[in-house]
Amino acid sequence: MAELRKVHGSENSFFLLDQTTLAQPLPAAMLKAFTQRITDRQTGLLGGADGVLVVDDAPGAAGRMTVINADGTYAKMCGNGLRTVARYLGEKTGQTQFTVQTAEAKLSVHREADLAPQVPAYSVEISPVSFEPTALPFAELNTTKIINQVLPAIDPALHFTAVAVPNPHLIAFVPEAELNGTKIGTIGQRLNAPNPYFPEGVNVTFATIEAPHTLFARTYERGVGFTNACGTGMAATSLAFALTSDQTDFDQLNSVYNPGGMVQTVVHEANGTYWIELIGNATVTDLIDVPDAALAAGEFTGAQVASTGEEAAYQAFVKQLPYRLVATR
Ligand SMILES: N[C@H](CCC[C@H](N)C(=O)O)C(=O)O
């Protein structure tokens, strides 16, 4: 039987599959088909999810995280997912501070104090960070860097920031009314369909500045659509916040609320290089046993599911947050 777990960071949910527990790792094509099936919101397992996090061995790190979006596309990074992988590897190896290999870097992670009873928390490094057109990539926008800039080809009025962390993010600070408006979905769908501006797609985040060091973020994710939270999106938005607003600064703790709850971020800068700490829950909602034969066929028929009971604890944590604006997903 193969062991999976359903996990979430700020209700951005994933199935976590540790391939080192399999007789042999699944071929990439099988992993893609398996992801599309198990995450399907209608026909998937446990109401589906936003993606699959694949864990493998990695030299010089506690393990490797590979991120597959619900549509089967691979992503370079996943902030909410990395917290859940950090928890998994920490419990597997008995470490509380270590590195995880990701597509472009070995990232530091460490266990934080629980946010509440049965709500474990981790801090993860979000990097590398780049504003270069080739890093996102973006094109045909008549600029080589997008920081707090109007992009008439995309919207006549919004000021955007575009940054790779290293997956691609396009961020706009908006008034409250826009946060729950339709513009984010329209732009998100347009830039994740074939288009000349973000040829590999882009995660689109609208955020409001609620108070000093306090944001609310809503994200339309590449390869998924709207999610309850996007960890790299909230980290990238915190960087844009530090660069363009006097209501926060580098090395200061921010709270970023989202439809799924709240995370904290700290933006760091040294010699022109940025990295962001993303701190938040790493919840396991279900432990899942899948027959090897089913998994080898890219299926999950015959899966046996055991709830951990942690979701009730997470929801109790969310309910006591000082305030939470409920944006529609
Ligand atoms: N959809 C993203 C990957 C998942 C990122 C998000 N779930 C996070 O927590 O950072 C992309 O294709 O770049």
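Both counts, for ligands and for their atoms, begin at 1 and track the order of listing. Since the model is a prediction, treat every value here as computed from it, not as a measurement.
- An N or O contact shorter than 3.5 Å is missing between Ala75 and ligand 1 by distance.
- At a heavy-atom cutoff of 4.0 Å, ligand 1 is contacted by the side chain of Asn12 but not by its backbone.
- Contacts between Met77 and ligand 1, counted as non-hydrogen atom pairs separated by less than 4.0 Å, involve the backbone only.
- The aromatic ring centroids of Tyr197 and Phe138 lie 6.0 Å or more from each other.
- The N/O atoms of Gly231, backbone and side chain alike, include one that comes under 3.5 Å of an N/O atom in ligand 1.
- In this structure, Phe250 and Tyr274 have parallel ring planes: the angle between them is below the 30° cut-off, well short of the 60° mark.
- Interface of Asn167 with ligand 1, defined as ligand atoms under 4.0 Å from a residue heavy atom, comprises 2 (C), 3 (C), 5 (C), 11 (C), 13 (O).
- Aromatic pair Tyr314/His8: centroids less than 6.0 angstrom apart.
- Minimum interatomic distance between Gln118 and Thr308 (heavy atoms only, all atoms of both residues): NE2-O, 4.2 Å.
- Ligand 1 does not have Met234 within reach: every non-hydrogen atom of the residue lies 4.0 Å or more from it.
- Taking each of Asn203, Ile126, Leu278, Asp71 in turn, the one with a heavy atom nearest to atom 13 (O) of ligand 1 proves to be Asn203.
- Below 4.0 Å from some heavy atom of Thr232 lie the following atoms of ligand 1, by number and element: 5 (C), 8 (C), 9 (O), 10 (O).
- Looking at Lys92 and Asp18, a side-chain N of the basic residue comes within less than 4.0 Å of a carboxylate O on the acidic one, giving a salt bridge.
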